[in-house]
A.B. asks: 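My structure is below; once you've seen it, I'll send some questions.
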2 protein chains.
Amino acid sequence: MQADIRNILKRNQLSVTASREKILHLFLEQSGALAHGDIEKRAGEKFDRVTVYRTLQTFVEKGIIHTIPTADNSVRYALCKDNCEAGHHHDQHIHFVCSHCGQTFCLDDVVTPEIKLPRGYSTNHIEVVVNGICRECTA
Amino acid sequence: MQADIRNILKRNQLSVTASREKILHLFLEQSGALAHGDIEKRAGEKFDRVTVYRTLQTFVEKGIIHTIPTADNSVRYALCKDNCEAGHHHDQHIHFVCSHCGQTFCLDDVVTPEIKLPRGYSTNHIEVVVNGICRECTA
DNA sequence: ATCAAAAAAGCAACAATGTTGCAAATATTT
DNA sequence: AAATATTTGCAACATTGTTGCTTTTTTGAT
């Protein structure tokens, strides 16, 4: 695990620092998405707020994590599975927000559908967020 | 137009005030979505920030406008067409963000697709945001 | 039209969130 | 192990959003 973390950092030409290791660790041990606030809490108040902001920004730039759009204000981040395996960013998957536990998940196996747009519009990227009850909360 | 605005407010049991008229007017004269900041700017610095927040909140509660999820931080609001005609909230349409002009539009004619989820997940609501180039910017 | 009651606006103060510049600390490279 | 490059933490600030309370405006009844 620790080796994985260092690998991911090195593969992305990032120097290995305590905060990056810790924050990446949080993502790896967690199935859902994390907001900036979650990270500050779970990191055990060890890192400066600014460091967390900058680390997340760096990870997004490198494609290690991606942001998830939400209807409320909060920005959430999740590991980009494809990237972490291949070093290249594909986000064809959809996101799921559980209205019971509040967690956000990437459904890596569910592919974004085709959308037929009116004449004159062209598409770069499609983002799908499904709201409902997740597997854990249903069981 | 002015009569329309008063109608919408009255239909929703809201008292008719200058700020509500002005803000609703901004939405009606505008094809795209508005963020809180846009409204403060376009209103001509007449209203207190708090009033704008509270007005938007009220409009959302009444179903006059709805929020649009975005990957960046900003919350955007758009008129709910169905509601303004029927007094009842349906948001089956998708949203389009133009990466050229930055505007956000409701594509009222494009219906949210069916999404097949893995076993154990149930769906309440599906939000689709398409990023691309809009009709204006293509022409 | 006037007045009383209800609702909303504006103000002030605050809380949370995000940003920037810079000096000190840490990681990398040789 | 030292020099260089990078990152961290701090302080200060900017932006965004919230809350309580007083004044103003709107509404509804007379």
Side-chain angles (χ1 to χ4, degrees), chain A residues 2-3 5-26 33-62 64-77 102 104, chain B residues 2-3 5-26 33-62 64-77 102 104:
Chain A
Q2 208 58 25
I5 288 173
R6 288 165 163 264
N7 270 342
I8 293 170
L9 292 174
K10 297 217 164 174
R11 190 193 307 152
N12 287 282
Q13 291 107 42
L14 293 176
S15 42
V16 178
T17 67
S19 60
R20 285 175 182 166
E21 284 184 301
K22 180 66 183 176
I23 291 174
L24 196 42
H25 182 83
L26 287 176
L34 294 170
H36 172 94
D38 299 326
I39 292 164
E40 272 196 291
K41 276 169 214 143
R42 301 201 197 179
E45 318 195 28
K46 285 176 63 178
F47 304 111
D48 194 84
R49 247 151 40 77
V50 178
T51 301
V52 176
Y53 279 114
R54 289 199 270 227
T55 303
L56 289 172
Q57 190 180 305
T58 303
F59 284 0
V60 170
E61 278 163 12
K62 291 295 184 179
I64 299 172
I65 60 177
H66 60 276
T67 58
I68 301 175
T70 51
D72 65 337
N73 207 6
S74 69
V75 189
R76 282 157 192 267
Y77 301 89
T104 302
Chain B
Q2 208 58 26
I5 290 173
R6 287 164 163 266
N7 271 343
I8 294 170
L9 292 175
K10 297 217 165 178
R11 189 192 309 152
N12 288 282
Q13 292 106 41
L14 294 176
S15 41
V16 178
T17 68
S19 61
R20 285 175 181 167
E21 284 184 301
K22 179 69 184 175
I23 291 173
L24 196 42
H25 182 84
L26 287 176
L34 295 170
H36 172 93
D38 300 326
I39 292 165
E40 273 195 291
K41 277 169 213 140
R42 301 202 196 177
E45 318 194 27
K46 284 177 63 179
F47 304 111
D48 194 83
R49 248 152 38 76
V50 179
T51 301
V52 176
Y53 279 114
R54 288 200 269 230
T55 302
L56 289 172
Q57 189 181 304
T58 303
F59 284 0
V60 169
E61 278 163 13
K62 291 294 183 181
I64 299 172
I65 60 178
H66 60 275
T67 58
I68 300 175
T70 52
D72 66 336
N73 208 6
S74 68
V75 188
R76 283 158 190 265
Y77 301 88
T104 301

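Residue numbers start from 1 in every chain, and the chains themselves are labelled A, B, ... in the order their sequence lines are given, proteins ahead of strands. Please read these numbers as outputs of a predicted model, since none were measured by experiment.
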A.B. asks: If I take atom CD in residue Glu40(B) and atom C1' in nucleotide dG17(D), what distance separates them, rounded to the nearest angstrom?
C.D. replies: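 That distance rounds to 11 Å.
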
A.B. asks: Of all residues at least two apart in sequence or in a different chain, which pass the side chain to side chain contact (heavy atoms under 4.5 Å, CB included) check with Thr70(B)?
C.D. replies: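 With sequence neighbours excluded, Thr70(B) shows a side chain to side chain contact (heavy atoms under 4.5 Å, CB included) to Asp72(B), Ser74(B), Arg76(B), given in chain and number order.
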
A.B. asks: What residues form a salt bridge (Lys or Arg N to Asp or Glu O under 4.0 Å) with Glu61(A), not counting sequence neighbours?
C.D. replies: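 Result, salt bridge (Lys or Arg N to Asp or Glu O under 4.0 Å) vs Glu61(A): none returned.
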
A.B. asks: With a 3.5 Å cut-off and sequence neighbours excluded, list the donor-acceptor pairs that the side chains of residues 48-60 of chain A form with protein atoms.
C.D. replies:
unit_1, atom_1, unit_2, atom_2, d
Asp48(A), OD2, Val50(A), N, 2.9
Thr55(A), OG1, Thr51(A), O, 2.7
Thr58(A), OG1, Arg54(A), O, 2.8

A.B. asks: Take His36(B) and Ser19(A), find for each the nucleotide of DNA chain D with the closest heavy atom, and name the residue whose nucleotide sits nearer the 5' end.
C.D. replies: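 Result of the comparison: Ser19(A).
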
A.B. asks: Tell me what Thr58(B) touches on the nucleic acid: a base, only sugar-phosphate, or nothing, going by heavy atoms under 4.0 Å.
C.D. replies: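 If one applies the 4.0 Å heavy-atom cut-off, Thr58(B) turns out to touch nothing in the nucleic acid.
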
A.B. asks: Measure the spacing between CG of Leu26(A) and CD of Glu40(A) and express it to the nearest 0.5 Å.
C.D. replies: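 So the CG of Leu26(A) and the CD of Glu40(A) are separated by 11.5 Å.
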
A.B. asks: Side-chain contact, heavy-atom cut-off 4.5 Å: Ile64(A) with Leu14(A)?
C.D. replies: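 Yes. Closest side-chain heavy atoms under 4.5 Å.
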
A.B. asks: Is any side-chain heavy atom of Lys46(A) less than 4.5 Å from a side-chain heavy atom of Ser19(A)?
C.D. replies: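 A side-chain contact under 4.5 Å is absent here.
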
A.B. asks: What's the spacing between Ile8(A) CD1 and Leu24(A) CG if we round to 0.5 Å?
C.D. replies: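 If I round to the nearest 0.5 Å, the distance is 4.5 Å.
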
A.B. asks: Can you give the first and last nucleotides of DNA chain C, 5' to 3', that have an atom under 4.0 Å from a heavy atom of chain B?
C.D. replies: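 Footprint of chain B along DNA chain C, 5' to 3': dA7(C) to dG18(C).
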
A.B. asks: Tell me, for nucleotides 18-29 of chain D in 5' to 3' order, what letter each nucleotide earns: B for a base near a protein heavy atom under 4.0 Å, S for only sugar-phosphate near one, - for neither?
C.D. replies: BBB-----SS--

A.B. asks: Figure out the NZ/P separation between Lys46(A) and dC10(D), and round it to whole Å.
C.D. replies: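 Spelled out: NZ on Lys46(A) to P on dC10(D) is 14 Å.
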
A.B. asks: How many angstroms lie between NE2 in His25(B) and CD1 in Ile23(B), if you round to the nearest 0.5 Å?
C.D. replies: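 With rounding to 0.5 Å, NE2 (His25(B)) is 12.5 Å from CD1 (Ile23(B)).
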
A.B. asks: Report the end-to-end axis angle of the helix from dA1(C)-dT30(D) to dT30(C)-dA1(D); each axis comes from five terminal pairs, and the value is rounded to 10°.
C.D. replies: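 About 40°, once rounded to a multiple of 10°.
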
A.B. asks: Distance check, rounded to the nearest 0.5 Å: Arg11(A) atom CZ versus Gln13(A) atom CD?
C.D. replies: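 Between Arg11(A) CZ and Gln13(A) CD, I get 11.0 Å after rounding to 0.5 Å.
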
A.B. asks: Any side-chain heavy atom of Val16(B) sitting closer than 4.5 Å to one from Glu21(B)?
C.D. replies: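 A side-chain contact under 4.5 Å exists here.
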
